[in-house]
Amino acid sequence: MAVTGFLLVAFLYVHMIGNLKIFFGEETFDHYAHWLRSIGTPLLPEAWYLYIQRGVLTVAVIGHIVAAVILARRARLARPVKYAHRPKVQGSYAARTMRWGGVIVLLFVIYHILDLTTLTLNPHGVTGEVYRNVAEDFAPSRWYVTLFYTLSIVAVGFHLRHGLWSAVRTLGLQSPRGEIYARATALVLSVVLVVGYLSVPFAVLVGLVD
């Protein structure tokens, strides 16, 4: 679960950096989107890199979900008899809602693909006009889309914060000082990710990107 999580997190940051190119204008952003389709050419046919990347990410997501289910079952089997009285667990909100947060993130990923990848749900929906697709998607009149996007990205942030810290512990860093650094790093990385992703829809909402 830790390894697939790190793979997904790496993609999230690369994807976020690419999204920020929208602030350089329509031509630059559309050119970047076209460049993604040309990675690997002429060795690979056009867009094959994206399909390979999507395949790897799909395997990682499925592996992450399977690992989560296995760990949940192990936890349940380890305590087949419920506690007569279960005290309140001391922990962060992210830790207490990790599973539900994962479900929210999964639903958001499905919607995001239908919206900005297949363009099925996008109001503009023109292949190649990536800048315009994003601008129309988060237009002020579609505030409910921006709200859903915001809630989903915040859920990603909570999930990432606890997930990064847990993954580092799983991979061997368990000293008291190391845990402090891991918690602080996970928090900073999560905040950067949330701010980076939300900067785009809110820029469209307030007119910085139109």
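In what follows, residues are counted from 1 in the order of the sequence shown. The structure presented is a predicted model; accordingly, all values stated were derived computationally and were not measured.
With sequence neighbours excluded, no residue forms a ring-ring contact (aromatic ring centres under 6.0 Å, His included) with Y51. Applying the side chain to side chain donor-acceptor pair (under 3.5 Å) criterion to Y49, with sequence neighbours excluded, gives Q53. When the ring-ring contact (aromatic ring centres under 6.0 Å, His included) test is applied to F202, no partner is found at least two apart in sequence or on another chain. Residues that satisfy the side chain to side chain donor-acceptor pair (under 3.5 Å) test with T41, not counting sequence neighbours, are absent from this structure. Remark: L36 pairs with Y32, I39, L50 by the side-chain contact (heavy atoms from CB on, under 4.5 Å) rule, at least two apart or across chains. With sequence neighbours left out, T127 forms a side chain to side chain donor-acceptor pair (under 3.5 Å) with no residue at all. Evaluation of the ring-ring contact (aromatic ring centres under 6.0 Å, His included) rule for H124 yields no partner, not counting sequence neighbours.
V105 and L7 fall into different hydrophobic clusters, where Ile, Leu, Val, Met, Phe, Trp and Tyr side chains are chained together by heavy-atom contacts under 4.5 Å. In terms of hydrophobic clustering, with Ile, Leu, Val, Met, Phe, Trp and Tyr side chains grouped at heavy-atom distances under 4.5 Å, I113 and V200 are assigned to a common cluster. L116 and L121 fall within a single hydrophobic cluster, where Ile, Leu, Val, Met, Phe, Trp and Tyr are joined by side-chain heavy atoms under 4.5 Å apart, directly or via other members. Transitive grouping of hydrophobic side chains (ILVMFWY, heavy atoms separated by less than 4.5 Å) keeps L160 and L187 in distinct clusters. Both V209 and I153 sit in one connected hydrophobic cluster of ILVMFWY residues. Membership requires side-chain heavy atoms under 4.5 Å apart, directly or through other members.
Between Y111 and Y149, the ring centre distance reaches or exceeds 6.0 Å.
Scanning all heavy atoms of the two residues, the minimum distance from G157 to V194 falls at CA-CG2, 3.7 Å. The nearest pair of heavy atoms linking T28 to F24 is OG1-O, 3.5 Å.
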Can you list the steps and then say if V156 with L193 is a side chain to side chain contact (heavy atoms under 4.5 Å, CB included)?
-> CA-CA 9 Å; V156 171; L193 191 79; 3.9 Å; yes
CA sep, side-chain torsions, deciding dist, call: L44, I52, side chain to side chain contact (heavy atoms under 4.5 Å, CB included) | CA-CA 10 Å; L44 296 175; I52 293 172; 4.1 Å; yes
Just list the side-chain donor-acceptor pairs under 3.5 Å for residues 130-145, sequence neighbours left out, or say none.
| unit_1 | atom_1 | unit_2 | atom_2 | d |
| --- | --- | --- | --- | --- |
| Y131 | OH | D210 | O | 3.2 |
| R132 | NH2 | D210 | O | 3.4 |
| N133 | OD1 | G125 | N | 3.2 |
| N133 | OD1 | V126 | N | 3.1 |
| N133 | ND2 | V126 | O | 3.0 |
| N133 | ND2 | E129 | O | 3.1 |
| D137 | OD1 | R142 | NH2 | 2.9 |
| R142 | NE | D137 | O | 2.9 |

Only pairs under 3.5 Å count here: list side-chain donor-acceptor contacts from residues 59-71, not counting sequence neighbours, and write none if there are none.
| unit_1 | atom_1 | unit_2 | atom_2 | d |
| --- | --- | --- | --- | --- |
| H64 | ND1 | M1 | O | 3.2 |
| H64 | ND1 | T4 | OG1 | 2.9 |

Counting only pairs under 3.5 Å, give me each side-chain donor-acceptor contact of residues 11-18, with atom names and distances, residues two or more places apart or in other chains.
| unit_1 | atom_1 | unit_2 | atom_2 | d |
| --- | --- | --- | --- | --- |
| Y13 | OH | L189 | O | 2.3 |

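With hydrogens and angles disregarded, no donor-acceptor distance shorter than 3.5 Å links the side chain of T117 to the backbone of L114. Looking at S199, its side chain does come within 3.5 Å of a backbone N or O of G196 through a donor-acceptor pair.
From H162, atom NE2 reaches atom OG of S190 across 11.5 Å, with rounding to the nearest 0.5 Å. Rounding to the nearest 0.5 Å places CG of L164 at 12.5 Å from CZ of R183.
In this structure, V206 shares a hydrophobic cluster with L208, the cluster being traced through Ile, Leu, Val, Met, Phe, Trp and Tyr side chains under 4.5 angstrom apart.
Listed by first and then second residue, the salt bridge (Lys or Arg N to Asp or Glu O under 4.0 Å) pairs involving residues 27-56 amount to none (not counting sequence neighbours).
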